[in-house]
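Scroll down for the structure; my scribbles are underneath it.
Along the sequence shown, the residues carry numbers beginning at 1. In what follows, every heavy atom counts, from backbone to side chain, and hydrogens, waters and symmetry copies are set aside.
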Amino acid sequence: MPGSVKLRSFKKFGQENNGYDFTDEGKNGDYMTMASSKDTKDSKAKKDQPAIRVGFFQLFRFASCREILMMITGSFCAILHGSAQPLMLLVFGMLTDTFIEYDIELQMLLDPAKECVNNTIQFRNLTQEENLEQNMTRTCGILDIEFEMTNFAYYYVGIGAAVFILGYFQISLWVTAAARQIQIIRMMYFRKVMRMEIGWFDCTSVGELNTRMSDDINKINDAIADQVSIFIQRFTTFVCGFLMGFVKGWKLTLVIIAVSPLIGVGAALMALFVAKLTGQELQAYAKAGAVADEVLSAIRTVAAFGGERKEVERYDKNLISAQRWGIRKGLIMGFFTGYMWFIIFLCYALAFWYGSSLVVDTQEYSPGTLLQVFFGVLIAALNLGQASPCLEAFASGRGAATIIFETIEREPEIDCMSEAGYKLDKVKGDIEFHNVTFHYPSRPEVKILDKLSLPVKSGETTAFVGPSGAGKSTAVQLIQRFYDPKEGMVTLDGHDIRGLNIQWLRSLMGIVEQEPVLFATTIAENIRYGRPGVSSDDIIKAAKEANAYNFIMDLPQRFDTLVGEGGGQMSGGQKQRIAIARALVRNPRILLLDMATSALDNESEAVVQEALDKVRMGRTTISIAHRLSTIKNADVIVGFEHGRAVERGKHDELLERKGVYFTLVTLQSQGDKALNEKARQMAEGENARKTDEDSQGLLRAGSYRESLRASIRRRTKSQLSNIIPESSVPIAGELGPRSYSQSQAFGAEDKSAIPEEEEEVVEPAPVSRILKYNAPEWPYMLFGSIGAAINGGVNPVYSLLFSQILATFTMPDATEQRNAINGICLFFVLVGLTSFFTQMLQGYAFSKSGELLTRRLRRLGFQAMLGQEIGWFDDHKNSPGALTTRLATDASQVQGATGSQIGMIVNSLTNIGVAIIISFYFSWKLTMVIMCFLPFLALSGGFQAKMLTGFAKQDKESMESAGQISGEALNNIRTIAGLGKERNFVEKYEAQLDAPYHAALSKANVYGACYGFAQCIVFLANSASYRFGGYLVRQEGLHFSMVFRVISAIVTSGTALGRASSYTPDYAKAKISAARFFQLLDRVPKINIYSPQGQTWSDFRGDLEFIDCKFTYPTRPDIQVLNGLTVSVKPGQTLAFVGSSGCGKSTSIQLLERFYDPDHGRVLVDGHDSTKVNVAFLRSKIGIVSQEPILFDCSIAENIRYGDNQRDISMNDIISASKKAQLHDFVMALPEKYDTNVGSQGSQLSRGQKQRIAIARAIIRDPKILLLDEATSALDTESEKTVQEALDKAREGRTCIVIAHRLSTIQNSDIIAVMSRGYLMEKGNHEQLMGKKGAYYKLVTTGAPIS
């Protein structure tokens, strides 16, 4: 192990996940340091502070007097309730004594020489005086057992009723008080969050805030609600139990207490070992997980070099040690559970042995006192144990409260709801930046604006242009005062905007963004968001100005049409125009257009542009755009670069300067021509096809335009969605009645896009199939089940022994009595020993079978993952992080359905079975009476176990609607801030909180009643059974010990049943995990690597041909990446692709590798259709060197060896390959030469060195086809020369496809193909293309980069 393993928090989908992080220093014993992948600087500062900075009583800081009163009353009830169980023991002790008295009397009267005279037992043949001398004063005939039992039954019922009432109040009062406080916390928190400055949102992810609002506040709820009262109750029981023990019999109590540390030590050791072993197991699995993560992150490299089988073996090797630790953990847990039972039975033996000597020999105690003391201490200990989970809830509640309360206390740097600041009487609209320096709070090391100075004159239109990341949008956000600059200032009419009132300042501005955000309500409401209290006429006027009026009136519900979540029902152009209307209805002095038309196709762009030109008149307008058509007619154009305004002037002036603006212009006009040409051809083809369609065609009129629009809209979305998953709010039920026909063109695709967001629902897997995978372990499972069965029988046997001891107290003969007692105590010890071994057996056997199953499933799952086609990995649900998590958790959860689960079931069944057999054998009548209570007892046991886990799940449903509002608000915080609508959302949110509050109140009552019932049912069961038992003893001569035997057997087994049903490892979860796993195993990949089918041939030449290839990525079906690519390469030739990024160069290489198959057209290899060729064979003939080569975390030699996984490679081969790659000399200079470890992803090496290792790796395959995907673009000039030499050597005699941005690297290629938007613009060699004076010529002469 190279030091400690840090398990980083898993990020969300769609981001890479480096789940495991290795450090080199071996921090001993520091297995799992959770290090979140957030900024390390923050975390260092935070490490000094403890994670919990809120005291327990601070949790109640929002309680009013009424709530405090409720909580005090609730606590009082809890204290009374807690003393009920010890009280019951007093009754129980008296009851036992009564039974024993009665039995002794019966025993004595059995002697024929004695009789009952004047209520005293006397010898028949002696006079009264002689009897007195013999000390015969025992009473008889007075004790009416049935009458006594009736009294005791009344006691029990009374205590039971009190417990019911107290339990009800204790719970319902606390839950009610908590509900009110939680509602206040939610309101305060949301209100404060909505007031925070935008920079705070940059540093806090929306997903995190949503979790805080739901989960964290629920955790606080758990800590201040029922758990408190239950803790008070259990703690009281603990105190009362011990008190009772000491008052009634301090000797015995001390003896029992003396032994109890053994149990405590056992529990502590068990916790310690389990934690340590879990750490070891996780660390061992972390190695395997790191392998999985590395392999899945580099899946393209693995596929290209055919390393799948090798990787599965490497993964499996690492699983063995994890499996070993898991089995050890099972064994140790079995050992300690057994040990605890053993000690408990020894305790029983000791207590009864010593206690009976106190009863029989010294006669200090009555038998009832013995029971009172013994059970008092026992109950006290149990309740102390049950109170500890509450402490956990308190701790997690305090942890959750820490962050929430700190947010509530934090003062926002820019408070949007504050009333402070000036409001100017008259606004001209001159904006000026004075020396502004700025970096985003989330990325303090990146300077976005660097001493930017720039005036924007009022009434003019100023256009900002420049490459992305130059600071254009940032400048606009500073004008809106989303952020404050670090240095310098932004002024409006000469006033620093920091001195102005924020709401007023933002009300002067209308903003239209690239991706306008609409809220899930009607069109009219969306426009009304622009200005509160605006009349319908104003809305219509704004819609007309924005060119939106006509399309709105065409919709069936006109202005009342719902736009759907995020405006999903509208096309891009429609959304843009509604957003413009919303900006105009404010009648703004300043109009900010951030790429307002970039997401549109030409047609809607013209319309929207026209709308914008109309409204710009007489307003200060700032427009950010990439498209020339939108900028040409601006009054001033400002060119941005690296956070500075580098040039400023009109269109023509700037073209002459040949700067930033010029580069943008030349590149654009080029690409546009090509695209328009292609689009025209497509449109004509489309129209020709259209006329054939029948009337349905009318419905879909404009669907081509629509799909183009949708595709462009989707493109920006998909670029975003690589960074952020679509939306973190569930999009269910948002699709309103879609009636207008126009939407149907893209409506269908929208609907299909929606379910992707949610976790798919899986049918739980049948247990039989899970067991099938576990079949080889049947002997373990058999022995485990035997062990479990014996363990199940222990509880009822205990009740046998316990009642037997009571029976001994009535024996007349002292020596016989002593022997019986010793025998029983010995038997207790024996049962303890048996229990010890069977628990160990059960623990070991089931952990062994479970761990073997987990390993088997992990291996199979990993193998299945590597066998999927590459397109499967593009889906964000299958990101490396998600897949490694699935391997780690799903596989281990499946254990819950086989191993321990079977043990649990067998255990409960034998427990109940044995108990019922014993009971029926000894007294079937009594058993029938108690059986009536059995279902209730089981229910109460289950309910109490459920109480321990809390009821948080049910609250979630009632919070849904509030969650939707908060989700919408937090996702679109910028839009809301720009419109100044924070207050609206706060009010809407608070209105939604009433429902969950009332739900919580009604829940409090139900919950309190259930709790009270669960607590009192034991008392009622006892009252009925002892009363009936008294009747049987009196009328049918049943021995009294049988009554105790039957009652304790059934009561213990009933509660055990309830507990077992809830403690089982989550069975349903296991079945669902298994189902997810089987889904993966059953999936048939589109391109199967493991299959031997497909053509192979011996004389592979490397003749390649692409014929009219069209292709879209499976995750983004609406973007045509290849658009009819046709190009061919003869064996031994070099083909170079050039073109701007996203034009399909790398895609064509991936088609050749068969990572994907083309949707249309063919790729021919030596005249064979690539889809018919054997995958492994084809890939073995291709070597690839990519822009960022991925190396594995092993030695240099291993990495080069990876190039060919079909054969064993000697060291000489490696050296000759690395000589060809200009690598050998550099490796020999390293201390460990070829055994040098390259680090994770090659991090120990420079880029040039990594590149050369990758080239050596490609050469060692001796491929017929060499693919170089920008192999030198990331290097500096010097390493580039070396690598280029290596590549030129490697190219000799091979078919080669090169992708490059630097023209120097491709000039000497045989064919140069210039691509744009997925198809070929021109091809030929360097001279021919220079002669054509086309796109290539322009690129070479202006020297502009192609990207």
Side-chain angles (χ1 to χ4, degrees), residues 194-202 411-442 447-464 471-513 530-531 583 586-594 616 618-624 636 638 640 643-645 648 973-983:
M194 291 307 280
R195 278 174 55 191
M196 288 299 177
E197 72 275 12
I198 301 288
W200 185 80
F201 284 97
D202 292 347
E411 279 308 314
E413 288 164 35
I414 305 173
D415 184 354
C416 57
M417 291 193 191
S418 83
E419 303 295 326
Y422 307 111
K423 305 183 180 179
L424 306 179
D425 296 333
K426 196 163 161 301
V427 181
K428 229 176 97 188
D430 281 332
I431 298 170
E432 191 165 357
F433 289 85
H434 303 270
N435 261 337
V436 172
T437 300
F438 177 72
H439 46 73
Y440 283 110
S442 54
K447 252 194 194 165
I448 305 285
L449 296 182
D450 189 7
K451 301 207 166 56
L452 170 73
S453 292
L454 170 73
V456 176
K457 299 243 173 20
S458 95
E460 286 191 341
T461 297
T462 307
F464 290 177
K472 309 183 295 293
S473 301
T474 308
V476 169
Q477 297 196 15
L478 287 178
I479 298 174
Q480 286 181 283
R481 209 174 157 215
F482 282 172
Y483 304 95
D484 285 337
K486 294 289 164 282
E487 296 165 30
M489 61 177 182
V490 183
T491 59
L492 169 68
D493 293 352
H495 298 267
D496 183 344
I497 59 171
R498 282 176 286 198
L500 304 174
N501 178 292
I502 293 196
Q503 289 283 353
W504 174 82
L505 171 72
R506 290 183 184 162
S507 72
L508 300 176
M509 302 178 185
I511 179 158
V512 183
E513 298 142 307
R531 190 170 91 224
R586 307 175 73 108
N587 197 5
R589 283 296 312 129
I590 300 164
L591 195 56
L592 307 172
L593 308 174
D594 187 351
R616 287 199 321 224
R619 294 192 166 103
T620 308
T621 308
I622 295 180
S623 161
I624 298 181
V636 181
V638 181
F640 274 75
R644 296 192 174 162
R648 185 163 184 274
I973 186 70
R974 281 191 151 75
T975 308
I976 293 173
L979 295 169
K981 277 284 161 282
E982 293 93 349
R983 276 206 181 84

Rounded to the nearest 0.5 Å, what's the gap from [atom1] on [X] to [atom2] on [Y]? Could you check?
| X | Y | atom1 | atom2 | answer |
| --- | --- | --- | --- | --- |
| Glu982 | Ile976 | CD | CD1 | 7.5 Å |
| Thr474 | His439 | OG1 | NE2 | 12.5 Å |
| Glu460 | Thr620 | CD | OG1 | 9.0 Å |
| Ile431 | Ile479 | CD1 | CD1 | 4.5 Å |

Using modelled atom types and a 3.5 Å cut-off, is there a donor and acceptor pairing between side-chain atoms of [X] and backbone atoms of [Y]?
| X | Y | value |
| --- | --- | --- |
| Asp430 | Asp493 | no |
| Arg481 | Arg506 | no |
| Gln477 | Phe482 | no |

Closest approach of [X] and [Y], non-hydrogen atoms and distance?
| X | Y | answer |
| --- | --- | --- |
| Gly488 | Arg498 | O-NH2, 3.2 Å |
| Asn435 | Ser453 | N-OG, 3.0 Å |
| Arg586 | Ser507 | NH2-CA, 3.1 Å |
| Ile511 | Gln480 | CD1-OE1, 3.3 Å |

Side chain to side chain donor-acceptor pair (under 3.5 Å) involving Arg195 - partner list, sequence neighbours excluded: Asp415
Any residue meeting side chain to side chain contact (heavy atoms under 4.5 Å, CB included) with Ile973, in chain and number order, not counting sequence neighbours: Met194, Ile198, Phe201
All side chain to side chain contact (heavy atoms under 4.5 Å, CB included) counterparts of Thr491, not counting sequence neighbours: Glu432, His434, Met489
Full working for side-chain contact (heavy atoms from CB on, under 4.5 Å) between Leu508 and Leu492: CA-CA 11 Å; Leu508 300 176; Leu492 169 68; 3.8 Å; yes
Steps toward side-chain contact (heavy atoms from CB on, under 4.5 Å) verdict (Val490, Phe438): CA-CA 12 Å; Val490 183; Phe438 177 72; over 6 Å; no
Heavy-atom side-chain proximity of Val456 to Ile590 below 4.5 angstrom: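 The answer is no, as the side chains (C-beta and beyond) never meet within the 4.5 Å cut-off.
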Side chain to side chain, Pro588 and Met509, heavy atoms closer than 4.5 Å: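 They are not in contact (no side-chain heavy atoms under 4.5 Å apart), so the answer is no.
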Evaluation steps, side-chain contact (heavy atoms from CB on, under 4.5 Å), between Leu454 and Thr462: CA-CA 11 Å; Leu454 170 73; Thr462 307; 5.7 Å; no
NZ/Lys428: more than 12 non-hydrogen atoms of other groups inside 6.0 Å: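 No, the 6.0 Å shell around NZ holds no more than 12 heavy atoms from other groups.
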Worked verdict on Arg648 versus Val636 for side-chain contact (heavy atoms from CB on, under 4.5 Å): CA-CA 7 Å; Arg648 185 163 184 274; Val636 181; 3.7 Å; yes
